[in-house]
Structure formats: structure tokens, C-alpha cells
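Read the structure below first, then the notes.
Each ligand, and each atom within it, is numbered from 1 in the order the structure gives. When reading the values below, keep in mind they use all heavy atoms of this one structure, side chains included, and skip hydrogens, waters and symmetry mates. All of these numbers come straight from a predicted model, not from anything done at the bench.
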Amino acid sequence: MIKSALQIARENYVPKMPKSLQGTVKVVEGKKTESVADQAEIEKMFPHTYGMPVLSFEAGAAADKPAMNVGVILSGGQAPGGHNVISGLFDGLKKLNPENKLYGFLGGPGGLVDNQYIELTADLVDHYRNTGGFDIIGSGRTKLEEEEQYEQGLANCKALNITALVIIGGDDSNTNACVLAEYYKNKEAEMQVIGVPKTIDGDLKNEMIETSFGFDTACKVYSELIGNIQRDANSAKKYWHFIKLMGRSASHIGLECALQTQPNVTIISEEVEAKQQTLDDVITYVANVVAKRAENGDNFGTVLIPEGLVEFIPAMKKLISELNDMLAHNEEAVNKLESNKEKREFVAEKLSDESREVFVSLPNSIANQLMLDRDPHGNVQVSLIETEKLLIDMVKAKLKKMKKAGDFKGKFKGQPHFFGYEGRCAAPSNFDADYCYSLGCTASMLIGEGKTGYMASVRNLTASADEWIAGGVPVTMMMNMERRHGQMKAVIQKALVKLNDAPFQKYADNREEWAINTQYIYPGPIQYFGPTEVCDLTTKTLKYEQGK
Ligand code: FBP
């Protein structure tokens with residue numbers, strides 16, 4: 001492996017850890033738990049894993065543990081810090097018993113079913129410490145949902161003497177981890193399943209999971225890029241930059257980047273939905289900011305757009321939901337049609353009058369993108385919809401009309417950008433390196449204690465790392481019933497941006513000022529070595545959420 005100078009230096013970085021994980025560890029049981037909603041239904045579906053207590057770890061004498069083999073899976077989109085979860089898990093398991101072995105299933109959950117694996121040895125793990133990416137074992141989006149897959153996975157694990165699995169994933173993967181834990185417990189198979197909260201989107205969080213890993217680093221990378229673009233905009237003074245940011249449905253990434261960089265406009269999907277805004281309302285707002293800034297001679301600016309925006313505009317949401325159902329039932333017929341024009345006509349025919357009207361009013365390129373294949377969870381792949389270009393075209397058209405009416409006297413040139421993949425495999429910030437290593441160690445302790453159906457949890461994250469609180473949260477505690485593919489399912493509740501919470505309020509209190517006056521912040525690149533106030537910053541989201 002050829003390594004960069006930074007990678008070599010980072011290999012020697014020792015992640016900071018909570019005190020409770022530093023020596024021997026004992027587990028303390030808290031109160032019994034309930035799911036966040038729909039308690040009776042969820043208890044019925046998870047009779048063996050429902051109601052378990054929250055766990056926390058404290059320094060203390062631990063009993064000797066017999067040697068065991070553990071499997072680990074990386075599931076879904078990459079997020080900075082995944083390799084540190086694995087190194088924390090590896091070190092934690094070795095601390096429990098040096099004979100313990102760790103196997104990595106390759107290419108995501110599919111590797112478990114297809115029996116693709118490698119043993120994760122000390123030499124291998126050492127090369128990946130504090131590095132970005134998931135390439136040590138790869139990731140994938142295969143969904144574990146069929147009994148046949150559970151059985152095949154169990155047989156493959158048995159052949160390797162694996163008695164515990166760690167699934168590192170987002171809300172859907174952790175929901176599946178819990179289904180798996182329940183299934184194995186029900187059939188008394190000797191197989192523990194532990195989840196770890198991963199996703200750059202930041203939408204897997206609740207009272208016990210303060211943030212998912214990767215969100216910190218990804219937002220810092222995007223904020224650096226946005227800051228650079230803003231400096232360019234403020235130097236050349238001739239472009240409006242429309243920047244779409246990953247994050248799937250949730251706008252946490254957009255909001256965090258706004259708090260870090262103070263752009264002129266940030267659209268928050270959750271607010272658009274709450275105010276029942278139409279696409280035209282959003283366009284009018286942006287066009288008015290462009291016109292206002294032009295009055296001051298500022299024909300430049302930045303607009304942040306969450307990638308899930310179209311799903312939150314009520315009429316578009318209805319259209320997408322109809323398209324999801326319609327495409328699920330007519331996939332073959334649509335695929336047989338050769339041209340996009342034929343596909344659009346076929347699809348339009350089958351929509352309700354209201355949705356058809358919206359669909360045919362969209363530029364062909366966007367209508368085509370809305371018809372693309374769904375992901376394995378049945379979601380429209382919002383990262384493929386070029387909302388940034390759509391918005392530029394529509395704002396341009398609006399400004400043309402405003403010019404005719406004498407309401408806009410400036411110039412408008414839009415530049416589209418999409419930031420997502422640029423941040424998902426970045427070298428983890430110190431925060432993510434520390435947090436992920438602690439999550440990995442925590443997962444190993446939960447395994448050592450014989451637990452299943454738990455998610456590793458490390459809390460109190462705005463305090464210094466030695467004061468972090470490590471433990472386990474029953475996954476069922478985070479569940480509610482939601483409609484998925486036309487059926488009610490027990491799933492981990494997705495955390496969208498809450499408009500009453502401090503991070504959004506902070507943005508809302510400042511947005512008018514940021515819109516008109518140029519108050520850009522240029523955060524610069526992530527710093528790995530240097531003073532703690534530069535290197536160990538948490539996200540602003542965490543800081544404001546915790547009243548700091
Ligand atoms: P996860 O939810 O699996 O963590 O993935 C997050 C994400 O990066 C989203 O922000 C984005 O919409 C999606 O993955 C892109 O998926 P893909 O990697 O399949 O292109």
C-alpha cells in the first residue's frame with residue numbers, strides 16, 4: 001500500500017477515549033425502555049429484544065471472557081471514521097481476550113450471505129487506523145430482509161465459529177440489525193447482533209445517540225469547499241453558486257454547513273414542508289435575495305440546497321410517491337420503452353391529474369431523473385436529481401420576468417455544484433477518529449457482556465473525550481411504525497431537522513443579515529495536528545443542541 005505523508009503520520013494518532021473505556025470495564029444497567037411510539041405493536045413484533053434496559057459502562061473489574069469470533073459488516077454509504085470503528089472493535093476484542101478473532105464480511109451485508117470474508121489481523125487493521133473510506137472490507141446496500149438470508153448468514157457464521165455480528169450502518173441497516181437480533185434470539189441461535197450509528201446525513205440521532213459518525217468530517221469538508229467558493233465569489237463578484245449537498249431527506253448537512261459558512265441562502269427542506277411552500281415560493285425567495293443584493297451592486301452569492309428538497313415540496317412529494325408505486329408495478333413495461341420521451345408519456349398517463357400537471361411542467365431532464373431506478377429500500381435516489389440546475393434555470397426565468405417589471409436591475413449567472421462523494425471518505429477529523437474508535441470499543445464491550453439488539457452509544461460529546469459516556473441502547477427503543485412500500489413496518493425513527501431546535505433557530509435568527517450583507521466565513525481545511533481549539537471542534541449542530 002502506498003501511503004501519503006499524512007496517512008503515515010495519522011497511523012500514530014492515538015484516539016482519545018472516555019475514561020470508562022480506558023481500563024477494565026463493568027456494565028451498569030439502567031431502567032427498562034419503551035419504543036418512542038407504537039409501543040404495543042413494536043413489543044409484539046420484538047418480544048425478545050423489546051424493553052431491555054439502557055446500559056452504561058464504568059471503570060471496574062470485568063470477569064474473564066472465553067475466546068470468541070466476531071464478524072463485522074459496513075453497510076450503506078461511506079462515512080469518515082468507519083475504519084476507526086473497526087480498529088476500536090478489534091482492540092476492544094483483543095483486550096477482552098487476546099485469542100478473540102475478528103472477521104470482516106466483504107462488500108456490505110451481501111458478503112454475509114455470499115460468504116465473502118477476510119480475517120482482520122493486527123497488521124491489516126494497523127494500516128487503516130485513522131484513515132477515511134470503507135475500503136478495508138468495502139460496503140454495500142444489500143438489504144437483509146428475507147429469512148433465507150438470515151439462515152444463510154447464520155450458517156456462514158457457524159462455519160467460522162462467529163457468535164456475534166457488528167453491523168455498522170444507518171437507520172435502515174440498524175433496523176435490520178435488530179430484526180436479525182430478534183430472529184436469532186427467537187430461534188435460540190447463538191448469535192448476538194450489535195449496531196453502530198453511521199451516516200454522514202446526521203439523521204440517525206435521538207436522546208441516546210447524539211450524532212451518527214461521519215457527519216462531523218463530511219460537514220467540515222463541505223464547509224471548507226463552500227468557504228473556498230464564497231471567497232472566489234467575493235473576489236470575482238460575478239457568479240451565483242448553487243450548491244446541492246448530500247443528506248438524503250434530512251437537511252442537517254445543509255444547516256450545519258450554513259452555520260459554519262454563513263451563505264446568502266440556505267433552503268431547509270423541513271421548513272419548506274412545514275410552510276407548505278411550492279417550488280415557485282422557493283424560487284421567488286431566492287430571486288428576491290438575488291435582486292436585493294443586486295441593488296447593493298452585489299451580483300454574486302451562494303445558495304445551499306439540501307439534496308432531498310424535491311421530496312418536501314408537497315406537490316412533488318405526492319408526485320414522487322405516485323411514481324414510486326407506479327414504477328414498482330410497471331418496471332418491466334417502462335424498461336421496455338426505448339426513448340425517455342416514450343417513458344415520460346407512459347408514466348404521465350398513469351398519474352393522477354394533479355401529479356401529471358406537475359410532472360409535465362418539469363424540465364425533461366428532471367422528469368427523466370425522477371423516473372430512474374429506486375434504491376434497494378425503494379427510495380428515489382435524490383443524489384441523482386439535479387436540483388441545483390433546476391433552481392438556477394427557474395431563478396433565471398423568474399429574474400427575467402422581474403427585470404421586465406422593473407424589479408431586478410442586476411446580472412445573474414449561476415454555477416451549479418453538488419457536494420457529496422467529496423466528503424464521505426475524507427480522513428476523519430479528530431472528533432470522528434475519537435468517536436468512532438470509542439464506538440468500536442463500546443461494541444466490543446457489549447459483545448463481551450453477551451448483549452444483542454443493542455446499538456453502541458457514546459454520549460456527552462461536547463465535553464472532553466475522557467468525560468464521554470459509553471454504553472448501549474436497545475434498538476427497539478428508537479423505533480416507531482412507518483409506512484414503507486405500502487406496508488406498516490417497525491423502523492428506527494428518522495431524525496429530520498427540528499424547526500424549534502437551537503441549530504435551526506440560530507440560522508433563522510441570522511438569515512436575513514447573511515442574505516443581504518456578505519458575512520461569509522471561510523473555515524479552511526480540517527486540522528489534524530495543532531491546538532485543541534482548532535483540531536477538536538465538534539459540529540455547530542451538536543454545540544447548539546447541547547446549549548454550548
Ligand atoms: P447512508 O444513508 O447509507 O449513510 O448514505 C448516505 C448517502 O451519502 C446520502 O447522503 C446519499 O443520498 C446516498 O448515500 C447516495 O447513495 P450512493 O452511495 O448509493 O450513491
**Prompt:** Who pairs with Tyr117 by ring-ring contact (aromatic ring centres under 6.0 Å, His included), at least two apart in sequence or on another chain?
**Reply:** Tyr103
**Request:** Inspect the contact between Lys317 and Glu273 and indicate whether a charged nitrogen and a carboxylate oxygen are less than 4.0 angstrom apart.
**Result:** yes
**Request:** Give a yes or no on whether the backbone of Leu496 and the side-chain of Asp203 come within a donor-acceptor separation of less than 3.5 Å.
**Result:** no
**Message:** Salt bridge check, Arg129 against Asp91: does any charged N sit closer than 4.0 Å to a carboxylate O?
**Reply:** yes
**Item:** Protein heavy atom at shortest distance from atom 20 (O) of ligand 1
**Value:** Tyr421 OH, 2.5 Å
**Message:** Counting non-hydrogen protein atoms only, what is the nearest one to atom 7 (C) of ligand 1? Give residue, atom name and distance.
**Reply:** Arg424 NH1, 3.6 Å
**Request:** Write out the residue and atom name of the closest protein heavy atom to atom 17 (P) of ligand 1, then the distance separating them to 0.1 Å.
**Result:** Arg141 NH2, 3.6 Å
**Prompt:** Does ligand 1 have any atom sitting under 4.0 Å from a heavy atom of Gly247?
**Reply:** yes
**Asked** Is the closest heavy-atom distance from Gly76 to ligand 1 below 4.0 Å?
**Response** yes
**Request:** Measure Gln78 to ligand 1 on non-hydrogen atoms and call it side chain, backbone, both or neither using the 4.0 Å cut-off.
**Result:** neither
**Item:** Closest protein heavy atom to atom 11 (C) of ligand 1, given as residue, atom name and distance to 0.1 Å
**Value:** Glu307 OE2, 3.3 Å
**atom 10 (O) of ligand 1 [closest protein heavy-atom partner, distance rounded to 0.1 Å]** = Asp201 OD1, 2.6 Å
**Asked** Relative to ligand 1, is Thr199 under 4.0 angstrom through side chain, backbone, both or neither, heavy atoms considered?
**Response** both
**Numbered atoms and elements of ligand 1 in range of Lys198, under 4.0 angstrom, heavy atoms** = 1 (P), 3 (O), 4 (O)
**Request:** Taking only Lys NZ, Arg NE, NH1 and NH2, and the carboxylate oxygens of Asp or Glu, determine whether Asp281 and Lys275 approach each other closer than 4.0 Å.
**Result:** no
**Asked** Under 4.0 Å between a Lys/Arg side-chain N and an Asp/Glu carboxylate O for Asp216 and Lys220?
**Response** yes
**Message:** For Lys506, I'd like to know if atom NZ has over 12 heavy atoms of other residues, nucleotides or ligands within 6.0 Å.
**Reply:** no
